[in-house]
K.L.:
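Here you go, one structure.
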Protein chains: 2
Amino acid sequence: MRISQLSAASGVPIPTIKYYLREGLLPSGEQTSATRAEYGEAHVRRLRLIRALLEVGRLPIASIRKVLAAVDDEDLSMHHVLGTAHYAIAPEVAPHPDDEDWRRARAEADRLISELGWRIEPWAPTRDELAQAVQTLDRLGMPATGEALRPYARAAASLVEQEMGTIPMDGPRETAVEALVIGTVVHGRVLDVLRRLAHESASARIFEARQAGKDCQAEKDRPTP
Amino acid sequence: MRISQLSAASGVPIPTIKYYLREGLLPSGEQTSATRAEYGEAHVRRLRLIRALLEVGRLPIASIRKVLAAVDDEDLSMHHVLGTAHYAIAPEVAPHPDDEDWRRARAEADRLISELGWRIEPWAPTRDELAQAVQTLDRLGMPATGEALRPYARAAASLVEQEMGTIPMDGPRETAVEALVIGTVVHGRVLDVLRRLAHESASARIFEARQAGKDCQAEKDRPTP
DNA sequence: CCTATTAGCTACCTGTACTATCTAATTATG
DNA sequence: CATAATTAGATAGTACAGGTAGCTAATAGG
């Protein structure tokens with residue numbers, strides 16, 4: 001398969017494929033001469049994974065590179081690939097270690113994690129992400145106690161439990177690892193989208209009585225298609 | 001309160017505050033002379049909300065402007081403010097209306113929503129987001145049937161139900177509306193982070209037996225603090 | 001042999017979220 | 001009263017992300 005066919009098969013423009021090659025997201029094809037390289041099904045697959053992480057997972061290119069490097073490293077156990085993915089996904093959160101509010105939020109996050117009995121590395125950046133959310137809720141006057149977060153944690157744990165059951169652990173490593181990464185990234189988005197849909201629906205149910213007469217005005221505000 | 005005090009109180013640098021004023025995210029202070037304006041507690045509050053939407057919610061400035069405009073529009077019902085927030089949050093998803101795969105994914109998304117009995121506007125961009133995720137999973141060979149998505153939907157619905165109960169519906173409009181927006185954005189992130197934590201924990205539990213001997217090597221890969 | 005395609009390279013472009021600087025008008029301070 | 005500091009408002013510049021475009025030399029296929 002030549003680059004033009006790879007482009008056609010994947011829907012990704014040639015210059016973009018070249019960009020991904022430069023950035024080390026996509027392995028080079030097998031060089032058959034100075035101006036020819038041969039690409040295969042693995043490249044199509046890889047491109048699909050890249051686009052999934054980029055468009056659905058909203059990961060920056062640099063993070064995708066790290067994730068894919070871990071996926072390709074045969075020496076890493078599945079758990080460590082997943083760990084790398086989690087590290088790469090977690091956005092930098094600029095902790096202010098000498099800020100009192102920050103320390104309290106971080107302590108609250110750590111407390112919740114240990115109460116739940118979750119096995120999370122002490123240096124996991126995800127802890128900081130949780131602390132950031134907790135701190136933000138505190139500052140906004142909606143304090144996030146462990147009490148308030150526990151339902152979210154339980155729901156998350158139960159969904160993840162189910163999801164883990166569907167990973168083909170005993171198939172080829174690559175399949176399992178990709179399924180894990182997709183689980184982390186794409187299913188995260190699925191849950192987020194469904195939550196927003198549920199939110200809109202709940203809001204419609206709850207408020208429909210209160211606003212009865214206002215629908216006509218609202219219709220005018222509808223964005224024109 | 002002058003701009004320098006506003007900056008100190010909120011932790012946002014003066015040039016950034018000026019930028020938010022220019023961009024219409026923050027209302028101007030009360031002009032007391034050609035070179036003085038007076039800011040109040042509302043400005044501090046607004047800045048905190050902006051930073052929450054930006055840093056935790058990862059919303060682009062343009063979306064934040066739309067959300068805040070809706071929050072400030074006293075003529076909009078709470079449901080419509082929330083709708084605006086949902087519209088603003090949903091990233092553009094570039095649907096290809098003549099792509100067969102896309103149409104199938106979109107149909108699957110619509111089917112799931114109607115099966116669940118959710119009240120979602122037909123033109124809601126969130127439908128496209130769900131369709132995008134479904135299409136991506138299809139392409140990656142992990143087809144997302146309604147069956148597979150239902151547990152996520154149920155969990156989302158139940159969490160949202162609880163969350164709605166905590167909104168102070170009968171307090172001042174601004175408080176309720178802000179709580180709704182924060183619920184949409186910040187609690188979404190909380191759930192996402194908790195899901196990734198649960199994922200890491202589950203992975204640790206499941207794989208610890210399989211990798212026993214590899215921990216030493218793994219420790220060396222730990223990012224240096 | 002001639003046209004099209006390709007790898008590898010460098011340069012360029014667009015959008016986002018700031019940052020910096022400048023000006024003129026105040027306001028506070030010694 | 002003079003002088004230093006602060007401010008609003010405006011313009012311009014920066015850094016990064018994610019591509020996109022064009023160039024050159026080599027080669028493949030007809």
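Values reported hereafter were calculated over all heavy atoms of this structure, with side chains retained and with hydrogens, waters and symmetry mates removed. All chains are named by letter (A, B, ...) in the order of the sequence lines, taking the proteins before the strands, and each is independently numbered beginning at 1. Predicted model only: the values in this text are computed from it and were never measured.
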K.L.:
Do any pairs count as a ring-ring contact (aromatic ring centres under 6.0 Å, His included) and have a residue in residues 179-202 of chain A, sequence neighbours left out, and if so which ones?
P.N.:
A:His187-B:Tyr152, A:His199-B:His86

K.L.:
Under the rule for side chain to side chain donor-acceptor pair (under 3.5 Å), what residues qualify as partners of B:Arg58, not counting sequence neighbours?
P.N.:
none

K.L.:
Kindly list each side-chain donor-acceptor pair under 3.5 angstrom involving residues 25-32 of chain B, sequence neighbours excluded, with atom names and distances?
P.N.:
| residue | atom | partner | partner atom | Å |
| --- | --- | --- | --- | --- |
| B:Gln31 | NE2 | B:Ser33 | O | 3.2 |
| B:Thr32 | OG1 | B:Arg36 | O | 3.4 |

K.L.:
For A:Glu200, which residues count as a salt bridge (Lys or Arg N to Asp or Glu O under 4.0 Å) partner, sequence neighbours excluded?
P.N.:
none

K.L.:
Just to be sure I understand the geometry, which residues of residues 9-23 of chain A put a non-hydrogen atom under 4.0 Å away from DNA chain D?
P.N.:
A:Pro13, A:Pro15, A:Thr16, A:Tyr19, A:Tyr20, A:Arg22

K.L.:
Any side-chain to backbone donor/acceptor pair from A:Arg127 onto A:Ile113? Under 3.5 Å, distance only.
P.N.:
no

K.L.:
Please list, in 5' to 3' order, the outermost nucleotides of DNA chain C lying under 4.0 Å from any heavy atom of chain B.
P.N.:
C:dA17 to C:dT27

K.L.:
If I take atom CD1 in residue A:Ile3 and atom C1' in nucleotide D:dA28, what distance separates them, rounded to the nearest angstrom?
P.N.:
16 Å

K.L.:
Taking only residues two or more places apart in sequence or in another chain, which ones pass side chain to side chain donor-acceptor pair (under 3.5 Å) with A:Arg173?
P.N.:
none

K.L.:
Could you list all the side-chain hydrogen bond (donor to acceptor under 3.5 Å, both in side chains) pairs where at least one residue sits in residues 11-24 of chain A, not counting sequence neighbours?
P.N.:
A:Tyr20-A:Arg51, A:Glu23-A:Arg65

K.L.:
Give the residues of residues 25-41 of chain B touching DNA chain C, defined as any heavy atom closer than 4.0 Å, sorted by residue number.
P.N.:
B:Ser33, B:Ala34, B:Thr35, B:Arg36

K.L.:
Going by ring-ring contact (aromatic ring centres under 6.0 Å, His included), name the pairs with one or both residues in residues 41-78 of chain A, residues two or more places apart or in two chains.
P.N.:
A:Tyr39-A:His43

K.L.:
Side chains of residues 2-9 of chain B: which donor-acceptor pairs under 3.5 Å do they make with residues two or more places apart or in other chains?
P.N.:
| residue | atom | partner | partner atom | Å |
| --- | --- | --- | --- | --- |
| B:Gln5 | OE1 | B:Arg2 | N | 2.9 |
| B:Ser7 | OG | B:Val12 | O | 2.7 |

K.L.:
For A:Thr126, check side chain to side chain donor-acceptor pair (under 3.5 Å) against everything at least two apart and list the hits.
P.N.:
none

